[in-house]
Each structure stands twice: as C-alpha cells, then as structure tokens.
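Each chain gets a letter, A, B and so on, in the order the sequences are listed, and its residues count up from 1.
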Amino acid sequence: MSTFIDLYNYWIFIFLMMIGFYIVIAQGNLVKKIIGLNIFQTAVFLLYISMGKVKGGTAPIIVAGDASYSNPLPHVLILTAIVVGVATTALAMALIIRIRKAYGTIEEQDIHEQDASL
Amino acid sequence: MKHSLLLTALLAIFWLALSGHYVAFTLILGALSIALVMWLNWKMHISDERVLPPLLLLRLPRYWMWLLLEIIKSNIHVAIKIWQPRLDIQPQFKKIPSPWKRDVTRVVHANSITLTPGTVTVTVDKDSFLVHSLTDETMQALESPEMKEQLEKLERFQ
Amino acid sequence: MWDTLISYCSYALLLTGSFLSLTFAIGLLRFPDFYTRMHAAGVSDTLCAGLIVLGLVLQAGISLVTLKLLFILLFLWFTSPTASFALARAAHRAGYGVNEQQEASSSNS
Amino acid sequence: MVAIAVAVMRDLFAIVMLFGIYSLLTAGIFVSLDAVDVAFTEAAVGAGISTILILSTLALTSREEKKSTHSRFLPLLVVLVTGATLVYGTLDMPAFSDPQAPVHQHVAPRYLDQAQQETGVPNIVTAVLASYRSYDTMGEVTVIFTAGIAVMLLLSAFRHREDEAGNLNDLSHHPVLKYVARLMIPFILLFALYVQFHGDYGPGGGFQAGVIFAAGFILYGLVVGIDKTRSMFSDSVLRWLMASGLLLYIGVGVVTLLLGGEFLNYNVLAADQVKGQHWGIFLVELGVGITVTATMIAMFLAFSEVRRPE
Amino acid sequence: MILAVTAIALLVAMALTLARALLGPSIFDRILAVNTFGTKIVLFLGVYGFLTQRPDFLDIALVYALINFISTLAVLRFFESGQLVMPKDKE
Amino acid sequence: MISSHLPVLQVILPLIAAPLCVLLRRSSLLWLLSFSASLGAMVIAWLLLQQAGSSGVISYILGGWAAPWGIEYRIDTLNAYVLLIVTAISSVVLLAAKKSIEQEVPQQHWPMFYASYLLCLTGLLGITATADAFNVFVFLEISSLSSYALISLGRDRRALTASYQYLVMGTIGATFILIGIGLLYMLTGTLNMNDLAQRLPAVAQTKTMLSAFAFLFVGISLKLALFPLHLWLPNAYTYAPSIVSAFLAGTATKVAVYVLLRFIFTVFGADYAFSVLPLAEILMLLGVAAILFASLSAIYQDNIKRLFAYSSVAQLGYITLGISFLSVSGLSATLLHLFNHALMKAALFMALACLLYRQGGVKFSHVKGLGRQMPWTFMAIVIGGLSLVGVPLTVGFISKWYLILAAIEQGHFVLVAIILFGSLLALVYVWRIVEQGFFSASDDHTDVKEAPLSLLLPTWLLVLANIWFGIDTSLTVGVAEHTAHWLLELPAPVMPGATP
C-alpha cells in the first residue's frame, strides 16, 4: 500500500498518458489527434519533472545560504522536449490546413474514402 | 517628443524595477533594450501622444482613487447578491451616453464601467455605450452625475 | 508592534480576498446566463486580485518584489476589463442573449 | 479530469479551451514541483502558442467533429497494454521525491554543487541548458528552425493577396482593445528583453523571451492588423532572422573551435573561465531568442494569412 | 498559515471555475471561465511564491497574465471575424 | 588540429549549410552549397572510419564538459560505418537532386527544400554520432520534422496525409523513446550511454528497467518500420518527391536500425536484452512476418514506388532477422544488409526518379514498353532488382549469403527456406516490372527520351556500386565482421585497410 502512495505522481502521469494516447489512436479527427498527442507528451513531461523533485527542495536557482534543491537536469530535458512538442504541433497544424484544402475535410475516415475511390 | 521622453522614462523605471541587478552589464543591456523597444515603437507607430498623453498621468491617480471606492462599494453589493439564497437580480441592457472627444477618455470610461462589478460595457459606439447591468442599483450608479464629473476633469486634463 | 499590525492588516486583506474569490466562483456557477456570470467572474476578480496582491505587498515590505506585485496588479487591472469587454462584445455580436429568457434554459447559442 | 472531458467532447472549439486550461494546470503543477523554468515555458507554449495555432487551424477547417465509427476495441487494448507496462515499471521506482533516489545521486549533484563556480550562473537550469548541455539546446533551436521553415514551406503558397487582406483586421476597429494593446506592447517587449537577459538569475532565458517577444507582436497583429505586422516582417526578413539566430549559436561553437577548444567550450572565449562562460551563455541565449521570436512570428503570420475556405 | 488558507480558497475557486468551463453551456461561458481561471492561477502563483519563501518567481505570474490576455483575444478574434460564427445546434 | 574535431564537424557541416540555404536565392548556388556540405560530410565520415578502425573508439566531448555531465560523441566502427552509408547516399542523391526537383518542386520552395534536406541529414548524422541518450531524441526530432516537411512536398495530395500519418506515428515513437530514456535516467541518474551501460547491471532486476526496455524497443521499432508498425512507410515513400524517397529509403530506417543495435548491445547489453524478453524470438518472428507479408503485398502493387516501399519493409525484415541470431555471421549479415540495402534501394528509387522525370508517373500503366525508349534507366532497375533478389555478383547476394550462413549455423533450416522463398517473391515483383517495361505492348510513348544525364549518372553510380561491392567485398565484409565481433564482445579481427 505504501508503494501506492509513494508513487502517486506516477500514477497520475500514467493515467494522463493513457488518455492522451487513446485520443491519438482512437479518434478520427485530425486536430483532435494532435491535441491528444499534446496531452500524451505533457504527461511524459510530468514524469520527468516528478522524478526531479526532492522532498523539501526548492527550485534550482542558487540562493545564499544552505538549501536543498530539486534536480535541474530533468527540467533542462523537458524544456527541450516542450520546444520539440510545439514544433511538432505547429507542423501538424500546417499539414492539417493543407489536407483540408486538398480534401475538404479533416476526418480521417472521409479522407480514406476519398483516397479509396480514386 | 514629449511623449517619447515619457515612454522612455516609464520603460526605464519598468526595467529597473524588474531587473534587481544593478551592475554595468545589465544596465547597458537595459539601455540597449529600451532603445530597441523605442525603435520598434517608432517604426510600427505603436504608442504615441494619443495613447499616452503626458498630462493625463498627473490626473489619473486621483481618478483611480475615486474609482477604487466605487469598485469596493459595488463589490460589496454584488457579493451580497451572490450569497442571497434567492436570486434577486434584474439583468438589463441600456444605452448610456459617452460624449467624450478623446479616445483615452472613452477607453477609461468603458473600462471603468467594466471594472465596476455589476456592470459591463458591451459595445462602444460613437457617442454612447451599450451597458449590461446586473441590478437596477448598479445601473443607477453609472448614470450618477459624479461619474460624469470625474470624466470631464480627465478630458480637460489632456 | 508595527510589524504585527502590518501582518494583521495583510492577513485581513488576504482573507477578504480569498472570501471574495470564493464568492465570485459561486456566483459564476449560480447565475443564470452568460452576462450575469460575467459580472460575477471577470469583473469582480479585479477587487479580489487587488486585495490578495495588497496583502502580499504588506508581507513583502518595501522591495522589488512589491514593485513586481504592483505591476502584476496594474497589468490585471488593465487587461481584465479589456478582455471582459471584448468577450461581451463578441457575445453580443454573435447575437447571444439580448433576451435572457431565451437562453437561460437552453444550450443552443 | 480535463483530459477526460477532452476525450469525450466533440465540439473541437471547447476542447481547445479546455486544452488551454489543461496546459495552465500542468504548468501550475510544474511550479509546485520546483520546475519554474519549465512552467514558464509550458505556460507560454501550451496555453499561448499552441492554443493560438490550433485555433487558427480550426478557423480554417471546421470545428465540429464527426462521430467516429472506428472500432474502439483495438485502440483501447493498445492503450491498456501500454499503461500496464508502465504500471509494471513503476512498481520498482524509487518513491516520489525521495532524495536518496539514484537520479539525485549521480550527475545532478555536481551541477548543484559546482555549476555556479564553473559558470557563474546561479540559475542551474540555465547553466545546464546553455553550457553543460548546450549542444542539446542547439538541437532544440534547430528543431524550431526546422518547424519554422516547414510551416513556411507548407503554407506560403496559400497566402492572401493584398486586396483580400482587408477583412482580416478583425479587432482593429475596436477602440478599447486597440488602445490598451498599444499602451501595453512596449512594456511587453521590454519585459521579454528582461526575461532574455536575466535568464542567468531567475527563471527565463532565450526561449521564453522569444515567445514573449513574439507574443507582443502577435498582440499587435491581432489588434492592429495582420497586414501591418506583415509589412514589418516580410518573409525574407523573418527567414533572415531565423537563420541568423541559429547561425549565431553555431557560430559561437565554431569560434570556440577556432580558438582551440572543443565545440561550444566557452572557456576559451576569455582568459577567465567564468567570463568566457558568461559570454558564451549570453550569446547562445541571444541566438535562441532571435530564432524563436522570428519563428513564432513567422508561424503566426503564416497561419493568419491562409486564404479561408469558402 | 493565512497564506495557505488563501491558496486553498483560490484552489477551490479554480475548481468551481473549471466546473463552469466543463458545463458550458455556451462557448462564451467557457472562454469566460478560462479567462477567470487564468487570473486565479496568476494569484495562486503569487501566493505560492510567498508560501515557499521564493517570491522571486513573480515573473511567471506576470507571464501567465500576459499569455492569458493574448490568448483570450486570439480566441475572440475568430468570433469577431465571423469565422467560427456560432456552432450549429449540437447533436 | 582539424582531425581531432572531426566527430563534431561531421554533424555541424550540414547544419551550418542549412540556414545558409534559406538565405540563398540562386538555385545553382543552393545546390552547390548542399552538395559540397554533404560531400564534405562524406569525406569526414570516411576519415572517421579509418580513425575508428585503427585507434578504436574516438570520444569527443562537446562544450568541454567531461562525459556524464556534458554531451559526448563516441565514434566506433559501428557508427562510423553508418555515418559513411548515410553521407554517401546523401551525396549521390544530391547529385541528381537539382534536375529532379526542378520538375517536382516549385521554384519558390527550393531554398527550403535544400535546407530541410540538409537538416534531415544533420539529424540522422547526429543520432548516429552521439553517445548521449537524450541527444538521440533531439536529433531524432530534427530529422523527423524535416522529413515530414520533405514528404509533404510531393505533388499528389496523398503526400499530405502520408506526411501526417508519419508525423503522428513518428511522434508516438519518439515519445515512447522519451519515456524509455526517462525511466533509464530515473534508475541511474545518467544519460550518457557508456555510463548507462556501466550502471544498468546494478538495477537489472528491476521491473522499471524492463519496462524502459520495452518502451525503447517499441519506440525504435516504430521509427524503423518493423513489421506491424510499418504502416506509415509505404505511403510516405510513395508520395514523397522521388529524391526524398531515394534519400529516406537509403538512410532513415538504417539509422533507426543502428539506434536499435546501439541500445540493445551497448546500453542494455546483449545478455540482458536477450534474456529478459524473448527478444530473439520476437525479432525473428517479426522479421519473417515482414519478409513474407510485405513481399506478398509488394507483388500486388501497381505503383512501382509503392512496390519498392513494401519491398523495403521486407528488407528490414531480413535486417532484424540477422540481429535475432545473435551470432557473428548474423550480425554481419545485418550490417552488410544495412549498407547493401541502402545501395540498392537508393539506386532503384533514383531510377524511378528518372522515370518520373520523363513520364510524370510510375504506375505500371506509365511504363509499358518503355524499356526500349529508356534502356539505361531500365537496366538500372533490372540490376537493382537482381540485387534485391540476391543474385550473385550483386551486393544483395553477399548479405543473403551471410544470413543463410547464420541460419544454418544455428540449424534453423526453416528460416533458410523462408529466406529463399522471400527471394523468390522478390524475383516475382521485379519480374513484373521487367515484363511491363520490355515485354508489354508499348502504348503511344514512342517520343519518350532517355532520362537526362544528370539523373542517369548518379543512378548508375549507385548501380555500379551495387556490382562493385558485390564483387570486392573486402571493405564491407571487413568492417561488418569487425563490428559484429566487437558488438558481441568477442576479440575482433583486425580491420582490413585500417592503417594509421
């Protein structure tokens, strides 16, 4: 039982990740898929940040005096990952706009039907 | 010109307040940053006399004091309405006149109305606002001569 | 003596602020239509914000933090009514609820 | 909670709003987990840029989602398997926020103990980002750059012609907004520069500053008019800025190479190590800021100028 | 102590606002809720900074306020331009 | 002085050229810049291979920070070899790019096209050179984002959906990899691969490590287009501009295979990887499934590009099959096939670029009877195809030979049969093209000319390489065997030609 409580942050992360992942693979709407992807990625960010937390620590900006700080490395990694995430989102959105122009729809199914009928 | 000086001064204050590191390097960076912002401002016509009339700044604090009182009064009023077990509100739209010549005054007027709980400016027309009000009392407060007086003073001070 | 007075003042401000924030959140849920909710939410946040920020200012004493807090407050007081106003205007232009009977009941917009 | 609602709802627009809240909440959680820099970025990106981009896309496509007739079984199974793998993995994880966890024993302590002496930067996140792992950060700038040119590549052919641009200045005949925005933009821009140059001391740095700087112009574009913003930032100006930021970053690396150090070893930039680090970090952060600003503005403009479907 | 009370009050208020955002019913209600939510989170961050004795994180609160404002405007822009006029009645 | 900085120059050279491309307007300059950057990278890769062969592992610390704190580049024969493959293919493909994109990509997009191409190259090289797990993720995304952009440039509107599909699956893959790296970091507190390898055995019993391994494996498999996760590949290759198909087919999946090898053998260690999960069985099963299903699918395609895309999935099956034997000859087969498949697929897709240049399409209906009008192009396809089948005197033969050897060594005679059957299937689909080209009644394209020299030359360069390395195997087999020994931690034979 104690494991369960000790790890609660990770359970939250897993829960969010599963929802996000589900949206990505189960939804037919292209925009919504990307939103799901974002949720999925944000969940992973949460995993990283959680592991960097130290009990009683504060943000890793050194101040005078003795203090314990949280681990800065995951923060750095996730900063990079967030940027990568937004870059992917932007690119996906541009693609969706083009797809909509080419097909007139942003539903996966309609697109498949149109392609199949060619 | 006057305006540029004023804006530069304000920006400098803003920078100094934010920075908290008063060594030569950051101060030089601050000066460069302000210069960059002023250049962009000039290039893109973002802010000019009409947006930030220098004289207004002198008058504005007194207006704010008055407004603050109004806000507190109406806040209490609305808070009571919310906690009342039975909803006792009279939502309504009304046009109220806003005969001000200058943009600044009109903006201040419109935002003052919105800031005061219980009333919201919905649209701004040439010489009137459409206002939505939660109750009769809040609407009456808007039409009080006091508000008009305060705004007139503002208009004169530009 | 002076310190205690200041901290009591600050506590009073903070508590009133929190009380107001709760009040308006309840108003947000209780009021029947969009415009009235707006009164509850966007508008009243300004005082609630003011009280809390002032409470914090008293805690901080005279320092750069105070200035930053005041900037935040000023910023909120500039943007919040502007945003509310823009929202109200958009809703109005979209033809939303000039007559509130019509929509208190339904979800069509 | 929010995430479930996102999964269930079908009004895409509402979903985006909720997504904004989700982002803000996540950012709040980051703050409570001491990751202030990350929260800074997530707020600016998730609640800001991503939301705006997704909204622009919705405006150009459609906002109602059709009911999906997909089979839900297979996706659910995949998700459950993934989740189960993770749950299985968590069983042996060190407890949350345990200071004895291996993560806090290796590599990280050195950053916390020595980074300030070695780089002269009290914000360890900045020190690691811009010095210890600055090569990663260069990759990050490259990713942003790539996305920027990709968006230009995809959307530039669908640009409005000048005469059509008229109906785009939506909020520009909105006196109150216009006024407030004009009043605030100089301060927003200055604030961005402050964030840029104070990343050493507090949360912030090139990326966040770039986003805020761009946000200033996005506000300008929203309120005063897209075409006015465009006249300031033509495609070639933006490209030039995007490339120069990245080149500045790489350039610092090349200079350190020529001075006899390893790539991006700032120590060789000045006689004194801390001074060299200071200059190096300053310059690469500037590079990041420039590229990010230009890319964000470019993306915003590209999305805003796409011809609307009839 | 008082700070903690304030923080909790703000959290409760945030939860209630979230409920409004989820309930809707109209899109404007949601935007309103999001906007209010943003303000609340700004305040919360301020209080939290004091709670953890690191008030120098106010910059983040400032950024939140800024981003919140801009994204609200961005949202509204699409209504003003008649783009996403009004949703057809759902379902 | 230069020689000590080669590892980083390898990646930086194309990276510097990319933003410069965006600033240039003249198309000849653009091409020249890109080509010289790529060629320079190839020369560096060659030098690195020499260095790595003679002096073992080359380590380069970036930013001057020692390894677990800073990021490190570690070049050994394995990644020097992959670097050489990637840069060589890239350079040859770029030779033809100028002509080909003139027709397939609108002029306004050229600067961006070259920039994306170089960024993709940078990303692939970065993944290969680095010894830092998180750095892999960053460069993976650089290459992925630019390849999404490149694919979406295809003229068919399906290029857009193909790119979108690839984006979603690629991002899921990358995020899985990110989760895996995160879990590993959680267990050890380090991101450096070498450091990881030293610290992981201590935590080898944890469930967390197992799930980290599972996530990494699935994530990389998505990028690698391993059999059930290959869905993005056929569309992406089919609708991308032909230059892009040639480049990606020759490089992207190869690098993914490299990452898989790197994680399995260097980070986790073969002992761990093959004992906790039935990895050998999984890889073998998926490899066999890929060979059979993808080859069968290829037979039923009427678009030649798509046909070859499916064939790529099948060839990746051979490559993973080689890993599954966990023996020197098996791994040698994998490594050889990395190189050889890159050569043949690049050659074939380049030949298709020639066809596309003249005919505007590569369906069977487009190529009926063209064998007489475009003999050189078709000869290229035939030789490339034969190499795909595995006919002696071509490179395809060498790798299949080693693969069969490995199967026999372990007594998997069923697998030998399957490999031979796969070759038979390959023969069928290659024959279909030949039949259409030479023995089908020519429609009314008597006026179609042979492809321009600037396209044919690089194509034939690759074709001749196919034959050359099929006959003179000293370089490839030498490197592959050396590396295979090294991966399995057996005493390695001296690499031929590696003189300091």
Side-chain angles (χ1 to χ4, degrees), chain C residues 7 10-12 14-15 17-29 33-35 37-38 40-42 44-46 48-49 52-53 55-56 59-60 63-65 68-69 71-73 75-76 78-80 82-84 86-91 93-97 103 106-109, chain E residues 1-3 5-10 12-17 19-20 23-29 31-33 35-40 42-47 49-50 55-56 58-59 61-62 64-66 68-70 72-73 75-80 82 84-91:
Chain C
S7 56
S10 132
Y11 291 156
L14 285 175
L15 281 181
S18 356
F19 173 72
L20 279 180
S21 84
L22 281 181
T23 304
F24 298 122
I26 287 169
L28 192 65
L29 283 179
D33 74 338
F34 165 68
Y35 291 105
R37 279 179 207 136
M38 211 161 132
S44 305
D45 253 352
T46 45
C48 157
I52 291 181
V53 169
L56 294 179
Q59 295 244 321
S63 68
L64 282 178
V65 173
K68 272 190 194 170
L69 279 170
F71 274 128
I72 292 179
L73 187 58
F75 192 84
L76 279 181
F78 268 103
T79 56
S80 161
T82 314
S84 310
L87 186 57
R89 190 180 108 125
R93 281 182 48 152
Y96 186 96
E103 58 221 317
S106 68
S107 68
N108 75 342
S109 9
Chain E
M1 175 55 204
I2 301 286
L3 281 172
V5 171
T6 315
I8 291 168
L10 282 172
V12 173
M14 270 152 71
L16 293 176
T17 319
R20 175 45 76 201
L23 288 173
S26 80
I27 209 68
F28 295 107
D29 286 294
I31 303 176
L32 178 67
N35 194 15
T36 318
F37 194 85
T39 323
K40 291 270 155 63
V42 171
L43 291 177
F44 177 75
L45 278 182
V47 175
F50 277 83
D56 42 338
L58 288 172
D59 292 348
L62 206 50
Y64 276 37
L66 168 72
N68 193 31
F69 177 59
I70 293 181
T72 308
L73 287 192
V75 172
L76 292 174
R77 172 171 180 267
F78 299 107
F79 290 97
E80 292 277 308
L84 292 166
V85 192
M86 283 294 11
K88 290 153 268 138
D89 289 7
K90 280 172 283 177
E91 266 94 339

Inset, instruction - For side chain to side chain contact (heavy atoms under 4.5 Å, CB included), just list the numbers for E/F50 and C/L69, CA-CA rounded to whole Å, side-chain angles, deciding distance to a tenth of an Å, and then say yes or no. - result: CA-CA 11 Å; E/F50 277 83; C/L69 279 170; 3.9 Å; yes
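For chain E, the nearby parts of C/I26 are the backbone and the side chain; heavy atoms of each come within less than 4.5 Å. Residue contact with chain C, scored on non-hydrogen atoms closer than 4.5 Å, involves the side chain of E/V42 exclusively. With a 4.5 Å cut-off on non-hydrogen atoms, C/Y11 touches chain E through its backbone and its side chain both. Of the atoms belonging to C/L87, heavy atoms from both backbone and side chain fall under 4.5 Å from chain E. Heavy-atom distances place both the backbone and the side chain of E/L66 under 4.5 Å from chain C. The parts of C/I72 that come within reach of chain E are both its backbone and its side chain, each placing non-hydrogen atoms under 4.5 angstrom from that chain.
The choice from E/L10, E/V12, E/L43, E/T72 that makes the most heavy-atom pairs within less than 4.5 Å of chain C is E/L43.
In this structure, C/A49 and C/L76 approach most closely via the heavy-atom pair CB-CD1, 3.9 Å. Closest approach of E/T17 to E/A33, counting heavy atoms only: CG2-O, 3.3 Å. Scanning all heavy atoms of the two residues, the minimum distance from E/N35 to C/A83 falls at ND2-CB, 3.5 Å. Contact between C/C48 and C/G17 at its shortest, heavy atoms only, is SG-O, 3.6 Å. Closest heavy-atom contact between E/L73 and C/A86: CD2-CB, 4.2 Å.
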